[in-house]
Amino acid sequence: MTTLTTDDWHTLAGTLQFKSQAFINGKYVDSTTGRTFSAISPIDGKLLTEVACCGEEDVNLAVKAAREAFEDGRWSGKPPAERKNILQKFAEIIRAHRNELALIETLDMGKPISDSTSIDVRAVANCFDWYGEAIDKVYDEIAPTAQNAVALVTKQPLGVVAAVVPWNFPMLMAAWKLAPALATGNSVVLKPAEQSSLSALRLAELALEAGIPAGVFNVVTGMGPETGRALGRHMDVDGLFFTGSTQVGKYFMEYSAQSNLKKLGLELGGKSPNIILASYRDTEHAARVSANAVFFNQGEMCTCPSRLIVEKSIHEQVVEVFKDVAKNYAPGDPLDPDTNMGAMVDNRHADRVMGFVDSAREEGADIVAGGQRARAESGGCYIEPTIFDNVDNSMTVAQQEIFGPMVSVIPVENAEEAVKVANDTCYGLASAVWTDDLSTAHKVSRAIRAGMVYVNCYDSDDMTVPFGGFKESGIGRDKSLHAFDKYTELKTTWINIGG
Ligand code: NAD
C-alpha cells in the first residue's frame, strides 16, 4: 500500500532521474556505437529517456567482465554466509528505495502504482532475502559407495549466467533468476526487455551499493534480436535463463545448439484453463476471484486464466459476476493509487491485443463487455476489460496467448469435458479447478497437464513453490530451492581411500 496521493506521484515523476546507460563492470557506459533507443511511457506516450542500444561488442564486454569476476573469485569464492549477508542487505536497500523503483516500473511499463509498490518491489526484495537466507543452509552429498572410497556429489556454479526477461514484471522476473544465480556464486549478465529497461539499470547500481562486487551483475540493454541473440549465441555464456514468449524461447534453443550448448531454462507463455464446476459451494466467490485474476496487471500475466471453462448450469451467473468485476477495472491513471487497470506496455502490443477483438467477432464469439480502447485523450495505451462469451476452444481467442485484459468463456457439460478442453492447447503453465467434491478436485488436478494447478483459488503463491510449465510453456522451474539446480552443475569427486 502507498500513502502518497496521485499528485505526490506526479510530482515525484517530474523529479526522477533515469539511469539509461548499460551497466558493465560496475560502471554505467554508453553502447560502443553510441546508439540509443527511446523509452516511451505507455501512460501518456511521452519520452522518458534514451537508453543505450547494446550490440555484440557491448555483450562481449559484459560477458568478459562477468567471466573475470567469476574466475578471480571475488564473488564465487566468498563463503555462502557472506553472500547471504550481502543479498539480504540488497533486499533491505531495495525496500528503502521502494517508491523510486515502483515509480520507474509504473512509468516505464504502465502498471498501477499501487501494484508496483505493494506487489512488485515487495516481492523482489523478498526474493533476494529468501535465496540469501537459503544459501548457507543447503548441503551437498556423500554417495553410499563401498568402504574404499569417498564420493562427493557437489553443486558448483555454472560460471557466467545470462538472463533475458520480459516486460510484464520487469524487476520480478529478473529477480527470480538473479537471486538464485547470485546466491550460488555465478556472475550474471541481465538483458531486460526493451520496453522496460529502466528498473534493471537502477537495480544494478543498488546491488553494487549492497556489496555485490563490480562485474558480478551486469546489465546490457537493447533489442531482442540483437542483444538477446548475442547473449544466446555467446560462446562464453555457460547458462541462459529466459522468460518470455514461446516463439522466442524456441530461438534460444537454436542459439544454444548453434553455439556452445549452453544450459537453458525457459519460462514461456500460457493459455491457462480455469474450470468452475457447479459442485463448488460459492459460484459468486469463484467467479469474483477468477475475474480479478484475469484483469490483474492488465491481463499481462503468463498465468492469466484466460480460458474460463464453466459448467453450463452456472454459466450465466458466472458471466454476470465477471461483468460486474470488470467495472472495477476501468482503465485509469496508473499514478492514481486507486487505479486497478493501468496502460498496456506499448502501442504495438495494444494493437496486437485489439486484433483479438476482431478475430473473436469474425469467428462468432459474443463480446459481452469491453472490446474498445480507452483514455485516448491521455496519449497512452489503454484497453477496456473484455469478455468473450460462448467461445469454442478451437477459436483463435481460445488458442493464442492474448496477454491483455481479455477472457474467453467456454461453456461445458461436465468435469470430463472440462478436462478435455483444458488440455486441448499447446501450453501447460497454470490452471485451476473450483469444486467441493474431493475426488473431482484430485482427479481433475491430476489430469490437467500444467506446471501449476490451483484448487479453489487462483495465483496463490510464495517463494517456497516451483513456478513453470509443461509442454510449450517451458523447461525448468523458477522459485523454490529447486531453482538452485538450474544455476549449478553436479560434480562427482571420487576419492580412493584404499583398503
Ligand atoms: P518476448 O519473448 O517478446 O521477449 C522477452 C525477451 O526476449 C525480451 O528481453 C526481448 O528483448 C527478448 N527477445 C525478443 N526477441 C528475441 C530474439 N529474437 N532473440 C533473443 N531475444 C529476444 O516476450 P515479452 O513480450 O517481453 O513477454 C511476454 C511473454 O512472456 C508472454 O508470452 C508471457 O507468457 C511470457 N512470460 C512467461 C512467464 C513465465 O514464468 N512462464 C512470466 C512472464 C512472462
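The analysis underlying the following values was restricted to heavy atoms, covering all of them including side chains, and did not include hydrogens, waters or symmetry mates. Computed from a predicted model, the values in this text were never measured in an experiment. Counting starts at 1 for both ligands and their atoms, in listed order.
Considering all non-hydrogen atoms of both residues, Cys304 and Tyr458 come closest at C-OH, 4.1 Å. A pairwise comparison of heavy atoms in Pro405 and Met341 identifies CB-CE, 3.4 Å as the closest pair.
For the residue pair Thr339 / Asp333, no side-chain donor-acceptor distance below 3.5 Å is found, with atom types taken as modelled. No hydrogens or angles considered: a donor-acceptor pair under 3.5 Å links the side chains of Glu50 and Ser38.
For atom 36 (N) of ligand 1, the closest non-hydrogen atom on the protein side is Cys302 CB, 3.6 Å. Of the protein's non-hydrogen atoms, the one nearest atom 8 (C) of ligand 1 is Val165 O, 3.3 Å. Looking only at heavy atoms of the protein, atom 2 (O) of ligand 1 is closest to Ser245 OG, 2.6 Å. Closest to atom 24 (P) of ligand 1, if we only count protein heavy atoms, is Trp167 NE1, 3.4 Å. What sits closest to atom 27 (O) of ligand 1 on the protein, heavy atoms only, is Pro166 CB, 3.3 Å. Looking only at protein heavy atoms, the nearest one to atom 7 (O) of ligand 1 is Phe242 CE1, 3.2 Å. Protein heavy atom closest to atom 11 (O) of ligand 1, with residue, atom name and distance, is Glu194 OE1, 2.5 Å. Of all protein heavy atoms, the one closest to atom 28 (C) of ligand 1 is Phe403 CE2, 3.4 Å.
In this structure, atom 4 (O) of ligand 1 is not in close contact with the protein, since no protein heavy atom lies within 4.0 Å of it.
Heavy atoms of Trp176 come nearer than 4.0 angstrom to ligand 1 in no pair at all. In this structure, Gly232 falls outside the shell of residues with a heavy atom less than 4.0 angstrom from ligand 1.
Evaluated by nearest non-hydrogen atom to atom 37 (C) of ligand 1, the leading choice among Leu268, Thr227, Thr221 is Leu268. Remark: among candidates Gly269, Gly224, Gly244, Gly222, the nearest residue to atom 35 (C) of ligand 1 is Gly244, based on non-hydrogen atoms. Evaluated by nearest non-hydrogen atom to atom 19 (N) of ligand 1, the leading choice among Phe169, Tyr255, Tyr251 is Tyr255.
With a heavy-atom cut-off of 4.0 Å, Glu401 touches ligand 1 through its side chain alone.
Atom CZ of Arg348 sits in a sparse spot, with 12 or fewer heavy atoms from other residues, nucleotides or ligands closer than 6.0 Å.
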